Amino acid sequence: MTDQQRRFPLPLSSVVDSGHKKAPGSSSIARPQTATQNAARHVPQPVWPVANHARPASHTPQPVVTQRASPLVSDAVRRAMVQRVAKQGVQDQLVLAALENVPRHLFMEEALASQAYIDASLPIGHHQTISQPYIVGRMIELMRNGGQLKRVLEIGTGCGYQAAVLACVAQEVYSIERIKPLHELAKVNLRPLRVPNLRLHYGDGMLGLPQAGPFDGIILAAAGLEVPQALLEQLTLGGRLVAPVGARAQHLELITRTGKTEWTRETLEDCHFVPLRAGTI
Ligand code: SAH
């Protein structure tokens, strides 16, 4: 087995920039969330891309299909989604490989799973959405900037999809959700994937996670009128934060920490996210 064919679970140290470590075995890992879903869903076997060794998405080895696969959630459909994301402008091969690796349909209600690989945000309950694959890839690409990510923070776990993608490209990932049932849903969704380098927290992400920081990347999956100062303070020097900013009209903002009390700010493309809200429910 090559590095490109690694499977969950992996020790944290083997996820990023390890290059030449041994593959940890090939046990089948991905199980859907419930027995009912189990019966209906294709069970993929994600492979785990390794930073700096990712090839173009089209060269990523194909997971072995172990159960009947619906054509709507098949690996081919997921590859097609990644190709569309690449066409839309995401160029980072590691990010594209990560998108190809994570079975998005396992993060959605079964009734919506057939739409998992169209490029759209879709409802996950509690008036929240799973983000559009393009924007997930774009934000991670901007945050990574071709570099190595040691520790990253996501605000707004939702169903856990973007957190799983982040865990493919960073050594350690922390993700915070303020809605308890969604925090629990993400845990259920992620458990079968056994992502070893991901920690989920229930809390107000506007406060960040100072006890785990500083972070060399922070992504907000919900839009505020401004980026909370607490988050800017939790960036490492050179660290990059990507956030949607605005109310009805929103744009992506990329903020880089350039000094102890200095940050640079770039305004990028338009986007549309659910609102960032304070407190927990
Ligand atoms: N990351 C998700 C997208 C989730 S949608 C994905 O993988 O597709 C945005 C999420 O941000 C919602 O679940 C919402 O509850 C959450 N959110 C909004 N404000 C927050 C805050 N202050 N702290 C933590 N989560 C927050």
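Both counts, for ligands and for their atoms, begin at 1 and track the order of listing. Quantities reported herein were computed from a predicted structural model and do not represent experimental measurements.
- The protein non-hydrogen atom at the shortest distance from atom 16 (C) of ligand 1 is E177 OE1, 3.4 Å.
- Ranking protein heavy atoms by distance to atom 4 (C) of ligand 1, first place goes to T129 O, 3.4 Å.
- Residue P275 places a heavy atom under 4.0 Å from ligand 1.
- Remark: ligand 1 and C159 share no N or O pair separated by less than 3.5 Å (distance only, no angle test).
- Considering backbone and side-chain N/O of G205, one or more are found under 3.5 Å from N/O of ligand 1.
- Of the candidates M108, Q128, M206, it is Q128 that places a heavy atom closest to atom 12 (C) of ligand 1.
- The shortest heavy-atom distance from E154 to ligand 1 is under 4.0 Å.
- Between atom 25 (N) of ligand 1 and the options H126, R178, H201, the minimum heavy-atom separation is to R178.
- From the protein, the heavy atom lying nearest to atom 8 (O) of ligand 1 is S131 N, 2.6 Å.
- For A222, every heavy-atom contact with ligand 1 shorter than 4.0 Å involves the side chain, none the backbone.
- Counting only heavy atoms of the protein, atom 7 (O) of ligand 1 lies nearest to Q162 N, 2.8 Å.
- For the pair N189 and Y161, the minimum side-chain heavy-atom distance is 4.5 Å or more.
- Nearest protein heavy-atom neighbour of atom 22 (N) of ligand 1: R277 O, 2.6 Å.
- Using a 4.0 Å cut-off between charged side-chain N and carboxylate O, R78 and E100 make no salt bridge.
- Atom 9 (C) of ligand 1 has its closest protein heavy atom at A221 O, 3.2 Å.
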